[in-house]
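Working notes, structure below.
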2 protein chains.
Amino acid sequence: MQELTLRQQEILLWIRQYMADHGIPPTRLALCAAMGFRSPNAAESHLRALERKGAIELVQGVSRGIRLVEEPKETSGLPLIGKVAAGQPILALAHIESYEPIAPELFRPVAHYLLRVQGESMRNAGILEGDLVAVHHTLIAQNGQIVVARLEDEVTIKRFYRRGERVELHPDNPDYPVIEVNLKKRALHIEGVMVGLIRA
Amino acid sequence: MQELTLRQQEILLWIRQYMADHGIPPTRLALCAAMGFRSPNAAESHLRALERKGAIELVQGVSRGIRLVEEPKETSGLPLIGKVAAGQPILALAHIESYEPIAPELFRPVAHYLLRVQGESMRNAGILEGDLVAVHHTLIAQNGQIVVARLEDEVTIKRFYRRGERVELHPDNPDYPVIEVNLKKRALHIEGVMVGLIRA
DNA sequence: CTAGTAACTGTAATTATATACAGTTACTAG
DNA sequence: CTAGTAACTGTATATAATTACAGTTACTAG
């Protein structure tokens, strides 16, 4: 879609609103009334311009024959991240196993993706192997929060504690060791914080 | 919405399809062409009938002024059950705290409702206080399954074991006691089996 | 300076659409 | 038997809506 002028944006926005309100596209005359045009041709040429730029489609000879051209819409739902390959960003398309029909707003703050839990290291926090952890993508974490961290290409879910340049990643399971990281010596990236959990 | 005749259902279905295909409601003439009517009045009176029965709304004087009346849709979420009052069925309207935007099909078998967990009796199964347990409504449970059971007006989530007329409800937490029930002496109802869990 | 484009006014004509009125046929409940 | 209703045909007409044509004004890039 080509770039729209301000006026054209305004008109496209109004068309969207009209369709949401009425359930049908507007007529040229309705557009005139709304925008203050005194000539139906003003509406017509705006629509033609919007069509030329790919924002809408016009069906000729048909009343209200205006079709919104869908933007490449984000698939509604949350992407489920499977195995994360070394050296690649966690949200890379290649890692997306599927989209789960769960509203991101179900969680506070909103979830950006789901990550499948491997291992029992967070068992005592009620996080079991195979669970899907909802993650809010952020680079900063508070002490005590459960985070998704990447330590030298390995992605792990642990409780986060930081004192200066020393970070401790605590499992919630006495059978697993605490991971100590000196930020100067090893690369540690916070990929997000846990905001929820789904067991299906 | 009143009950529709077969023909009316057929027409309503066609209107839905037309709107999905074209993005706009049909005209009377389009309906005629599709259904084989030779008179536009046939279309008109069908539309009037559909309006009378509450299936659609007609906006008079407006071309394509047909609006679908949305069914009170249940497909778009799961009811969250809060506190369950004594003596009332668990799925009573009065117990529904809210609808959560989660697809029932996310779980296998499908979830019918969510129940908020109280207490820590299932801690070792990764079920914590405040979690939402997704429940499939059924009256039969297998040994070892986690069930929602009603024992003399109290609703509880436990692991189910049955031997003849003796039922044991096991917590997954050594700090809680096993509940033993003799079906002849006390009323026990299975309200459903756990099929998933959500922590928001 | 000039051509091109956005953003309009104003008029008119054609076609698309809704909708009224007058019937017909078949079925169904009282 | 009869009134009511579903499901149509057939005709007619007013109005809703698209769309062509002829202009005007202001801005912008070469």
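These values consider heavy atoms only, across backbone and side chains, with no hydrogens, waters or symmetry-generated copies. Each chain gets a letter, A, B and so on, in the order the sequences are listed, and its residues count up from 1. None of these values were measured; they are calculated from a predicted model.
Between A:Y176 and A:H170, the distance from one ring center to the other does not fall under 6.0 angstrom.
Counting only heavy atoms from C-beta on, B:S39 has its side chain closest to D:dG10 among D:dA6, D:dG10, C:dA18. For A:F37, counting side-chain heavy atoms from C-beta on, the closest listed nucleotide (C:dC8, C:dA16, D:dA7) is C:dC8. In the set D:dG10, C:dA18, C:dG10, C:dG10 carries the atom at the smallest distance from any side-chain atom of A:R38. Closest to the A:E44 side chain, of the nucleotides D:dT18, D:dA12, D:dA16, is D:dT18. Checking C:dA7, C:dC8, D:dT19 against the side-chain heavy atoms of A:S45 singles out C:dC8 as nearest. With C:dT17, D:dA6, C:dG10 as the choices, the nucleotide that has an atom nearest any side-chain atom of B:R52 turns out to be D:dA6. Distance from the side chain of A:T5 is smallest to C:dA6 among C:dA6, D:dA6, C:dA18.
The backbone N or O of B:Y18 sits less than 3.5 Å from a side-chain atom of B:H22, completing a donor-acceptor pair. Put simply, the side chain of A:H136 gets close to the backbone of A:V110: a donor and an acceptor are under 3.5 Å apart. At distances below 3.5 Å, at least one donor-acceptor pair connects side-chain atoms of B:N173 with backbone N or O atoms of B:E120. With hydrogens and angles ignored, the 3.5 Å screen pairs no side-chain donor or acceptor of A:E154 with any backbone N or O of A:L151.
Look at CD1 on A:I56: it is 11 Å from P on D:dT18, rounded to the nearest Å. One interatomic measurement links the two molecules: CG of A:L47 to P of C:dA6, which rounds to 14 Å at whole-angstrom precision. Remark: P of C:dC8 and CG of A:L29 are 16 Å apart, rounded to the nearest angstrom. Across the protein-nucleic acid pair, A:R7 atom CZ and D:dT25 atom C1' stand 15 Å apart, rounded to whole Å. Between the P atom of D:dA7 and the CD atom of B:Q9 lies a distance of 10 Å, rounded to the nearest Å. Computed from coordinates, the B:I11 CD1 to D:dA7 P distance equals 7 Å when rounded to whole Å. Atom CG in B:L4 sits about 10 Å away from atom P in D:dA7, given to the nearest Å. In this structure, CE of A:M35 is placed 16 Å from C1' of C:dT9, rounded to the nearest angstrom.
Taking the nucleotide of DNA chain D with the nearest heavy atom to each of A:R64 and B:H46, the more 5' of the two is matched to B:H46. Along DNA chain D, the nucleotide nearest B:V62 and the nucleotide nearest B:L6 are compared for position; the residue whose nucleotide lies closer to the 5' end is B:L6.
In this structure, A:R28 does not reach the D:dA17 phosphate: none of its side-chain N or O atoms is under 4.0 Å from OP1 or OP2. The side chain of B:S63 contributes an N or O atom lying less than 4.0 Å from OP1 or OP2 of D:dA17. Here A:R48 does not reach the OP1 or OP2 of D:dT18: none of its side-chain N or O atoms lies under 4.0 Å away. Look at A:Q60 and you won't find any side-chain N or O under 4.0 angstrom from OP1 or OP2 of C:dT15.
Smallest separation of non-hydrogen atoms from A:A111 and A:A134: CB-CB, 3.9 Å.
B:A49 meets the side chain to side chain contact (heavy atoms under 4.5 Å, CB included) test with B:Q8, B:R52; sequence neighbours excluded.
Remark: the A:N41 side chain and the D:dT19 base include no donor-acceptor N/O pair separated by less than 3.5 Å.
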Using Watson-Crick and G-U wobble pairs with both distances under 3.5 Å, what is the 5'-to-3' dot-bracket string of DNA chain D, with [ ] for crossing pairs and | for pairs outside the strand?
||||||||||||||||||||||||||||||
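Just one of A:K158, A:R123, A:R159 meets the salt bridge (Lys or Arg N to Asp or Glu O under 4.0 Å) condition when paired with A:D172; it is A:R159.
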